[in-house]
Amino acid sequence: MKSSLCVVVLALFLEVIKSKKLIAVSPFDPMVRCPLNTVGKDSTFTGLDLEMFKKVAEAMKWTDNDWDFACVEWNQMLNDILTTNKYYAGTGGISILYDRIQSGYVFSIPTLSTGVSIVDNESLNPWLFLDLFEPRLGILLLVTPLVCSFLFFIFEQRKEPYEEYLWHSYASLFFVNTVPLHRTSSRIVQVALWFLMLILISTYTANMTAVTSVNEILNGINSPDDLNQKKVITYEGYNILLYPYGAKPLTQPGIDDIVISKISSYLSEDVAAAYVLDDPQAQIAVWMDCHLTTKGRQFETVNYGVMFSNKTDKAEINKMNAAIEEVSSKLSADVRIKTYIESHPDWYPRCERSVNPDKDKIGVENVKGLWIILGIAIGVSIVLFLITKLPGYHQKVRFLITKGIFKDWSDDAEEKKFGDDLIEDNLKNVVKRVFDDLQETVDSRLNIMEQRIDRFYELLLRDEMLNGGGDNNSNDNIQSEKEKAKTEVKPMEIGKAAGLLTKKKQ
């Protein structure tokens with residue numbers, strides 16, 4: 001009795017197994033992930049297309065006992081679906097291609113509409129010159145001149161508006177002076193700031209040169225048209241898509257032959273100029289390797305579908321089409337791909353750009369010594385500034401200068417004038433020069449008048465002596481008038497003297 005019961009149970013089990021619909025799949029990351037030569041639909045069977053098919057099965061009211069996935073080799077799957085009744089259908093990144101339809105395969109409506117994209121080493125972008133700076137370093141470059149402008153304003157004793165020192169500090173980043181600095185404290189800070197910028201500019205220039213050299217500028221692939229006469233690694237089924245662009249496909253016949261982790265190394269070794277992959281694969285490659293980028297994304301459309309034998313009942317295919325349309329209308333292809341990648345960080349770890357200045361960016365860690373130097377310079381400047389405020393500082397400095405010591409400090413020893421004081425002082429100097437010039441002119445004219453007076457009296461005296469009418473008293477009078485005229489030096493007095501002499505003569 002027991003043996004008969006076991007036979008019945010076994011027969012029923014075999015019938016259940018036989019009646020289950022087997023959906024053939026083959027590993028094709030990220031569309032299908034499964035262990036080869038296994039059957040089931042547990043967590044080991046996953047992937048974009050498999051997750052999609054599970055929802056389609058639910059929409060078709062299939063129970064767990066109605067179906068299972070069977071993970072097999074790619075070529076075996078294609079052959080068995082077409083020539084045997086082992087599998088109900090096949091799915092998992094199977095592109096709907098014309099040559100497959102011609103071979104006798106029948107496809108459902110697309111389970112995922114996407115395309116093929118070019119994967120290449122990352123090339124330069126219009127903002128690469130900003131990407132070379134780590135964000136923290138950029139913030140420091142903006143804040144440092146702000147601090148220096150405040151120090152200039154204090155050290156120079158507010159002789160100019162603060163805006164002038166602020167503009168001067170930022171102009172100093174490019175070695176431009178807009179305000180003269182007269183204090184030693186200010187000059188020390190200025191030199192330290194210039195030294196900081198000199199090192200940063202030199203480092204930036206070296207990094208820019210290195211990056212532009214490494215990033216395959218000569219490759220020049222920005223669109224499918226740039227694939228002309230270039231070697232491209234792709235799948236055999238996509239050769240026909242690349243021939244119109246003049247590319248030279250390096251065919252990969254097996255579905256597992258393209259390993260995402262090796263893409264970057266193959267491109268660096270010049271095995272090929274680029275890869276042309278299914279867009280989900282291209283997105284994962286870029287997600288996991290920051291040195292890769294996509295060009296001409298989805299430049300050719302590719303649709304994935306469920307593949308049947310041409311012997312399959314059309315009613316079954318139509319029923320599945322209705323379920324696929326119901327499920328696929330809820331989420332777009334891009335959202336499904338992104339959500340799947342982000343939900344499996346263990347499989348698809350996201351790359352992070354290095355802050356090592358030897359590779360990508362100039363980091364704070366390798367140039368923070370510049371700010372230490374600037375800090376020391378600021379400390380010395382503050383000490384010198386405080387010393388200048390000590391009582392009797394300027395008198396002591398003047399004493400040292402008069403003794404021939406620290407003559408280089410003469411600029412700090414003298415109180416310089418700025419602003420309105422400087423204007424007033426300049427006006428005084430101008431007025432003084434004008435009066436000095438006027439005094440020189442007056443002295444010159446007086447000298448000429450004195451010579452003429454002497455000449456005039458000589459003529460009068462000579463005339464008096466020739467006429468014989470002169471005596472000692474008259475000569476004395478003439479001499480006294482002459483001295484008087486020389487003393488007063490006025491034209492009216494000269495006229496008076498001439499009148500007296502003429503009267504005396506008469």
Side-chain angles (χ1 to χ4, degrees), residues 25 27-33 45-59 91-97 107-123 125 127 221-227 232-235 237-238 241-242 245 255 258-261 263-264 274-307 320-353:
V25 296
F28 178 33
D29 197 18
M31 310 308 295
V32 178
R33 293 177 67 96
F45 288 81
T46 185
L48 272 170
D49 256 5
L50 299 198
E51 298 300 323
M52 173 73 175
F53 193 87
K54 290 176 182 178
K55 295 178 181 178
V56 171
E58 290 179 7
T91 190
I94 303 176
S95 304
I96 303 174
L97 300 176
F107 287 90
S108 68
I109 65 173
T111 57
L112 183 68
S113 293
T114 179
V116 291
S117 302
I118 302 170
V119 178
D120 186 18
N121 276 328
E122 186 177 18
S123 59
N125 63 75
W127 303 104
I221 297 177
N222 294 305
S223 69
D225 295 329
D226 297 325
L227 295 176
V232 178
I233 296 178
T234 188
Y235 296 114
Y238 295 155
L241 300 178
L242 297 178
Y245 298 100
I255 201 70
I258 293 182
V259 181
I260 294 178
S261 60
I263 292 177
S264 183
Y275 275 71
V276 173
L277 305 174
D278 299 77
D279 190 65
Q281 277 192 318
Q283 290 194 53
I284 287 179
V286 173
W287 178 271
M288 297 174 61
D289 191 339
C290 289
H291 293 93
L292 300 177
T293 185
T294 55
K295 309 285 184 64
R297 190 179 170 201
Q298 298 184 13
F299 67 93
E300 290 285 350
T301 302
V302 171
N303 294 313
Y304 299 139
V306 179
M307 186 170 65
M320 184 166 290
N321 286 342
I324 292 172
E325 188 171 3
E326 177 185 345
V327 174
S328 61
S329 62
K330 297 178 181 179
L331 287 176
S332 67
D334 284 343
V335 173
R336 285 170 56 194
I337 295 171
K338 183 178 180 182
T339 302
Y340 180 77
I341 295 174
E342 291 179 350
S343 63
H344 296 88
D346 295 337
W347 297 340
Y348 313 115
R350 187 172 187 176
C351 65
E352 294 183 3
R353 291 192 177 277

Visitor: For Val32, enumerate each residue passing the side-chain contact (heavy atoms from CB on, under 4.5 Å) test, keeping only those at least two apart in sequence or located in another chain.
Guide: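 So Val32 forms a side-chain contact (heavy atoms from CB on, under 4.5 Å) with Val25, Cys34, Leu50.
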Visitor: For Pro30, what residues pass the side-chain contact (heavy atoms from CB on, under 4.5 Å) criterion, not counting sequence neighbours?
Guide: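 Scan of Pro30 (side-chain contact (heavy atoms from CB on, under 4.5 Å), adjacent residues dropped) gives Leu48, Pro280, Gln281, Ile284, Tyr340, Tyr348.
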Visitor: So which heavy atom on Tyr304 is nearest to which on Thr114, and how close?
Guide: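 Taking Tyr304 first and Thr114 second, the nearest heavy atoms are CE1-CG2, 3.8 Å.
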Visitor: Might you point out which heavy atoms bring Thr91 and Gly305 nearest each other, and give the distance in Å?
Guide: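 It is OG1-O, 4.3 Å.
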Visitor: My understanding is that only residues two or more places apart in sequence, or in another chain, count here; which of them pass ring pair (Phe, Tyr, Trp, His ring centres under 6.0 Å) with Phe299?
Guide: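 Counting only residues at least two positions away or on another chain, Phe299 forms a ring pair (Phe, Tyr, Trp, His ring centres under 6.0 Å) with Tyr245.
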Visitor: Taking the side chain as every heavy atom from C-beta outward, state whether Asp334 and Gln283 have any atom pair closer than 4.5 Å.
Guide: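 Touching, per the 4.5 Å side-chain cut-off.
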Visitor: Nearest 0.5 Å please: distance from the OG atom of Ser113 over to the CD atom of Gln298.
Guide: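 The OG atom of Ser113 sits 9.5 Å away from the CD atom of Gln298.
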Visitor: Tell me, please, which residues at least two apart from Arg33 pass salt bridge (charged side-chain N to carboxylate O under 4.0 Å, His left out).
Guide: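 Arg33: salt bridge (charged side-chain N to carboxylate O under 4.0 Å, His left out) contacts with Asp29.
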Visitor: Which value, rounded to the nearest 0.5 Å, describes the distance between Ile94 atom CD1 and Asn303 atom CG?
Guide: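 Atom-to-atom, Ile94:CD1 and Asn303:CG are 13.5 Å apart.
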Visitor: Indicate the atoms forming the closest heavy-atom contact of Ser95 with Val302, along with that distance.
Guide: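 Scanning both residues, the minimum pair turns out to be OG-CG1, 3.5 Å.
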Visitor: Taking all non-hydrogen atoms of both residues, which atom of Ala59 and which atom of Ala323 are closest, and how far apart?
Guide: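 So the minimum-distance heavy-atom pair works out to CB-CB, 3.9 Å.
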Visitor: Assess whether a salt bridge exists between Lys54 and Glu51, defined as any Lys/Arg side-chain N lying under 4.0 Å from an Asp/Glu carboxylate O.
Guide: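 Answer for the salt bridge query: yes.
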Visitor: Once you round to the nearest 0.5 Å, how far does CD1 of Ile341 lie from CE of Met288?
Guide: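 Atom-to-atom, Ile341:CD1 and Met288:CE are 10.0 Å apart.
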Visitor: Of all residues at least two apart in sequence or in a different chain, which pass the salt bridge (charged side-chain N to carboxylate O under 4.0 Å, His left out) check with Asp279?
Guide: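 Asp279: salt bridge (charged side-chain N to carboxylate O under 4.0 Å, His left out) contacts with Arg297.
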Visitor: Got a second to check how far Thr46's OG1 is from His344's NE2, nearest 0.5 Å?
Guide: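 If we round to the nearest 0.5 Å, Thr46:OG1 and His344:NE2 are 4.5 Å apart.
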Visitor: Looking at Glu342, I'd like to know if its CD atom is crowded, meaning that more than 12 non-hydrogen atoms belonging to other residues, nucleotides or ligands lie closer than 6.0 Å.
Guide: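 Atom CD in Glu342 is packed in, count exceeds 12.
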Visitor: If you compare all heavy atoms of Ile263 against all heavy atoms of Ala285, which two are closest, and at what distance to 0.1 Å?
Guide: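 That closest heavy-atom pairing would be CD1-CB, 4.0 Å.
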Visitor: Under 4.5 Å between any side-chain heavy atoms of Phe28 and Asp49, yes or no?
Guide: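 Counting from C-beta outward, Phe28 and Asp49 never come under 4.5 Å.
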Visitor: Rounded to the nearest 0.5 Å, what separates atom OH in Tyr235 from atom OH in Tyr275?
Guide: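 So the gap between those two atoms works out to 9.5 Å.
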Visitor: Could you give the distance from CG (Leu227) to CG (Leu242), rounded to the nearest 0.5 Å?
Guide: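 Answer for the CG-CG pair, Leu227 versus Leu242, is 7.0 Å.
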Visitor: Please give me the minimum heavy-atom distance between Asp289 and Cys351, naming the atom from each residue.
Guide: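 In terms of heavy atoms, the two residues are closest at C-SG, 3.7 Å.
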Visitor: Heavy atoms, side chains only, cut-off 4.5 Å: are Met52 and Leu112 in contact?
Guide: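 The answer is no, as the side chains (C-beta and beyond) never meet within the 4.5 Å cut-off.
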Visitor: Who passes salt bridge (charged side-chain N to carboxylate O under 4.0 Å, His left out) against Glu326, sequence neighbours left out?
Guide: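 Glu326 satisfies salt bridge (charged side-chain N to carboxylate O under 4.0 Å, His left out) with no other residue.
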Visitor: Would you check if Tyr238 and Leu277 make a side-chain contact, meaning some heavy-atom pair closer than 4.5 Å?
Guide: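 Tyr238 does not reach Leu277 side chain to side chain.
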